[in-house]
Protein chains: 2
Amino acid sequence: MTADLHATASTRLRADGQRYTPRRRALVDLLADSDQPLTIPQLLEHRKDLAQSSAYRNLAILERAGVVHRIVTTDEFSRYELAEDLTEHHHHLICSSCGDVTDFTVPAAVEHDLEAALSKVAKRSGFRARSHRLDLVGTCATCE
Amino acid sequence: MTADLHATASTRLRADGQRYTPRRRALVDLLADSDQPLTIPQLLEHRKDLAQSSAYRNLAILERAGVVHRIVTTDEFSRYELAEDLTEHHHHLICSSCGDVTDFTVPAAVEHDLEAALSKVAKRSGFRARSHRLDLVGTCATCE
DNA sequence: CTCAGTGCAAAGGATTTGCATGCCG
DNA sequence: CGGCATGCAAATCCTTTGCACTGAG
């Protein structure tokens with residue numbers, strides 16, 4: 001699936017008039033290898049040769065192209081993960097103490113009921129839903 | 001319930017060694033009167049006599065005391081609402097175009113199943129859950 | 001040669017903080 | 001009176017932007 005991932009990333013960037021450069025590929029690789037959304041400092045930590053400004057710029061471009069997704073939790077840093085359709089649908093455990101985020105999933109049945117309830121709400125309010133977010137906020141095992 | 005609200009706010013602040021001043025009360029009033037979380041510019045807009053820095057400071061204090069809750073969505077501003085236990089449990093429609101946030105609720109049955117699934121997840125990961133967040137992200141009727 | 005991608009350094013903007021003043025207890 | 005709350009202005013810090021350089025086509 002990794003090969004596919006890069007092919008998809010490349011296609012989406014091209015569709016947006018952008019190239020799939022080594023730097024951008026490196027960012028996608030880092031995100032794909034992680035089981036949690038990463039902040040830019042964390043990304044730079046893993047790949048010291050990446051320039052901060054370029055990381056910001058490239059992640060913004062990758063986000064516009066629909067390759068990565070930016071999330072804001074409770075601390076001061078944005079975090080990035082692969083776009084929803086490039087991973088499996090999942091949710092986040094957010095530690096309000098250290099800010100760390102971990103992925104998790106819920107049973108398909110629950111997810112399904114949720115979808116149904118949400119689409120009803122959206123229809124009622126004339127809201128065009130694109131996605132939903134379900135996060136659990138609390139304290140992670142380490143901070144506890 | 002408004003009287004109770006202020007009594008509760010006052011008690012919680014006192015427990016945190018803080019006073020319930022007119023400015024703080026004004027902020028709580030504004031949030032209680034709104035059917036959506038508000039940004040600080042929005043709060044200042046409603047009450048022009050509030051100083052920006054004091055608003056920031058007081059909201060931080062109110063948050064520490066458990067009276068208000070800060071949420072970060074997709075745009076650059078934080079938004080504030082009354083703490084979960086001072087309102088009814090609800091969720092948010094987040095417009096990714098204008099950043100506006102509207103409250104909504106889901107049927108108790110769905111909410112209940114969700115709680116059950118989440119507490120199972122939390123237990124499995126040694127995560128101490130404090131609350132959950134369920135948001136619908138998309139485009140509001142106005143921006144559509 | 002051209003033009004996008006990159007790195008560095010400087011600018012931006014929401015939020016925070018230092019400090020002098022005012023007010024409640 | 002004492003100490004916290006307030007307002008103003010300056011400082012912070014994540015993020016964005018300007019600009020010159022480099023490399024791919």
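Side chains included, hydrogens not; waters and symmetry mates left out as well; all remaining heavy atoms used.
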Phosphate OP1/OP2 of D:dA5 contacted by B:Asn58 side-chain N/O (<4.0 Å):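 For D:dA5, neither OP1 nor OP2 has a side-chain N or O of B:Asn58 closer than 4.0 Å.
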Residue-phosphate contact under 4.0 Å: A:Arg57 side-chain N/O, D:dT15 OP1/OP2: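 Looking at the OP1 and OP2 atoms of D:dT15, neither is under 4.0 Å from any side-chain N or O of A:Arg57.
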Test item: side-chain donor near acceptor, A:His89 and A:Glu115, under 3.5 Å: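 No donor-acceptor contact under 3.5 Å links the two side chains.
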Candidate pair A:Glu76 and A:Thr39, rule side chain to side chain contact (heavy atoms under 4.5 Å, CB included), full reasoning: CA-CA 10 Å; A:Glu76 56 267 46; A:Thr39 63; over 6 Å; no
Give the rounded distance in Å between these two atoms: [atom1] of [X] and [atom2] of [N].
X	N	atom1	atom2	value
B:Arg25	D:dA5	CZ	P	17 Å
B:Phe77	D:dC14	CZ	C1'	15 Å
A:Leu59	D:dC14	CG	P	16 Å
B:Asp16	D:dC4	CG	P	14 Å
A:Arg23	D:dA24	CZ	P	12 Å
A:Tyr20	D:dA24	OH	C1'	18 Å
B:Asp75	D:dT16	CG	P	13 Å

Residue whose closest nucleotide on DNA chain C lies nearer the 5' end, A:Ser53 versus A:Ile61: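 The residue whose closest nucleotide sits nearer the 5' end is A:Ile61.
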Closest to side chain of B:Ser54, choosing from D:dG18, D:dT15, D:dG7: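 Within the option list, the nearest is D:dG7.
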Within the 6.0 Å centroid threshold, strictly below: B:His91 and B:His132: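 Yes - the distance between ring centres of B:His91 and B:His132 falls below the 6.0 Å cut-off.
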Using a 4.0 Å heavy-atom cut-off across all strands, classify [X] as base, sugar-phosphate, or nothing.
X	answer
A:Arg24	sugar-phosphate
B:Asp49	sugar-phosphate
A:Thr21	sugar-phosphate

Pair B:Glu84-B:His69, side chain to side chain donor-acceptor pair (under 3.5 Å): steps then yes or no: CA-CA 7 Å; B:Glu84 180 95 68; B:His69 183 64; over 6 Å; no
First-last contacting nucleotides on DNA chain C - partner chain B, under 4.0 angstrom, heavy atom: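 Nucleotide range with atoms under 4.0 Å of chain B: C:dA14 to C:dG18.
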Interatomic spacing from NE2 in A:His6 to CZ in A:Arg25 - rounded to 0.5 Å: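 The NE2 atom of A:His6 sits 4.0 Å away from the CZ atom of A:Arg25.
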Approximate separation, where rounding is to 0.5 Å, of B:Ser54 OG and B:Arg23 CZ: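 Answer rounded to 0.5 Å: 7.5 Å.
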Nearest atoms (heavy-atom pairs only) where A:Ser96 meets B:Arg130: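 Here A:Ser96 and B:Arg130 meet closest at OG-NH2, 3.0 Å.
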Closest-nucleotide 5' rank along DNA chain D - winner of A:Gln52 and B:Arg19: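 Of the two residues, B:Arg19 wins.
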